[in-house]
Amino acid sequence: MFGMIKNSLFGATEVTEYKLLSSETKEGVNYEVRRYDAARYASVCSEGKSFDQAASDCVKRLLMYTGGSNDRGEGMGMTAPIAITVFTRDDGAMSRRFVVGLRLPSRYQDNPPAPTDSSIKIEDRPGMTVYSLQFGGFAGEYEFRMEASRLTRILGETAPYQRKQYFCCSYDPPIKPYGRKNEVWFIQEEP
């Protein structure tokens with residue numbers, strides 16, 4: 001437990017790099033189009049819980065893993081953002097299925113420690129282009145849903161993005177009181 005706290009509060013945070021393809025403003029709302037390279041992630045799946053319950057439980061498991069609960073006992077450092085994949089129902093509302101993912105630090109991309117928690121999977125995620133909308137404050141299910149609705153409205157019906165899933169991203173530890181950064185990512189359909 002101490003390793004998790006030390007790692008998340010005092011360790012260096014490696015922010016996931018991307019290539020900015022464009023920065024757009026529509027109806028007074030700024031969003032970006034970004035390209036992320038393929039990377040290896042640690043992830044935990046949750047079904048049947050609310051967004052906030054799933055986020056809390058799964059993030060804690062991932063922080064334990066990166067804090068040293070792995071076959072090497074190594075504290076790996078933190079990466080940002082924590083990306084929660086939200087799967088939507090036919091009416092566009094959140095289902096109760098989520099995948100919480102944390103990109104492994106660069107030095108562990110080729111040879112990550114094995115998790116001691118069997119619910120954590122190491123997965124290779126392909127590169128992707130996203131529409132990204134940034135917002136501040138403490139964010140839970142309500143805030144992410146509102147921002148996803150705003151991005152949906154701004155992009156309109158013809159934008160080429162996946163409508164069955166999107167990402168809710170948080171960059172800051174839960175105890176950071178101000179200057180918080182969150183984003184909603186819609187995955188652009190590849191031509």
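Every heavy atom of this structure was used, including side-chain atoms; hydrogens, water molecules and symmetry mates were not. For this chain, numbers begin at 1 and follow the sequence in order.
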Worksheet, complete the sentence: Residues passing the side-chain hydrogen bond (donor to acceptor under 3.5 Å, both in side chains) test with Arg35, sequence neighbours excluded, are Thr129, Glu190
Worksheet item: Taking only residues two or more places apart in sequence, or in another chain, which ones meet Gln134 in a side-chain hydrogen bond (donor to acceptor under 3.5 Å, both in side chains)?
Response: none
Practice prompt. Write out all pairs satisfying ring-ring contact (aromatic ring centres under 6.0 Å, His included) with one or both partners inside residues 105-140, taking only residues at least two apart or from two chains.
Written response: Phe135-Phe144
Discussion item. With heavy-atom distances below 4.5 Å as the criterion, would you say the side chains of Arg40 and Ile122 are in contact?
Written reply: yes
Worksheet, complete the sentence: residues 107-117 vs salt bridge (charged side-chain N to carboxylate O under 4.0 Å, His left out), sequence neighbours excluded, gives Arg61-Asp117
Worksheet item: Linking Ile, Leu, Val, Met, Phe, Trp and Tyr through side-chain heavy atoms less than 4.5 Å apart, which residues share a cluster with Phe87?
Response: Val99
Item to complete: Please check if the side chain of Arg163 supplies one atom and the backbone of Tyr161 the other of a donor-acceptor pair under 3.5 Å.
Response: yes
Worksheet item: Salt bridge or not for Glu143 and Arg145, using N-O below 4.0 Å?
Response: no
Worksheet item: Looking at residues at least two apart in the chain, or sitting in another chain, which of them share a side-chain hydrogen bond (donor to acceptor under 3.5 Å, both in side chains) with Lys121?
Response: none
Response to the item:
Taken in chain and number order and not counting sequence neighbours, the residues that satisfy salt bridge (charged side-chain N to carboxylate O under 4.0 Å, His left out) with Glu157 are none
Item to complete: Give every residue pair that meets the side-chain hydrogen bond (donor to acceptor under 3.5 Å, both in side chains) criterion with at least one member in residues 167-176, sequence neighbours excluded.
Response: Tyr171-Glu183, Asp172-Lys176
Worksheet item: Can you name the residues that form a salt bridge (charged side-chain N to carboxylate O under 4.0 Å, His left out) with Arg180, not counting sequence neighbours?
Response: none
Discussion item. Could you check whether Thr16 and Arg103, counting side-chain N and O atoms only, form a donor-acceptor pair closer than 3.5 Å?
Written reply: yes
Worksheet entry | Atom pair CE/OG1 of Met64 and Thr116 - distance to nearest 0.5 Å | 8.0 Å
Worksheet entry | By side-chain contact (heavy atoms from CB on, under 4.5 Å) - contacts of Ala54 (at least two apart) | Ser46, Lys49, Phe98
Fill in: Pairing residues for Asp52 by the side-chain contact (heavy atoms from CB on, under 4.5 Å) criterion, not counting sequence neighbours
Ser50, Glu141
Worksheet item: Linking Ile, Leu, Val, Met, Phe, Trp and Tyr through side-chain heavy atoms less than 4.5 Å apart, which residues share a cluster with Met146?
Response: Tyr142
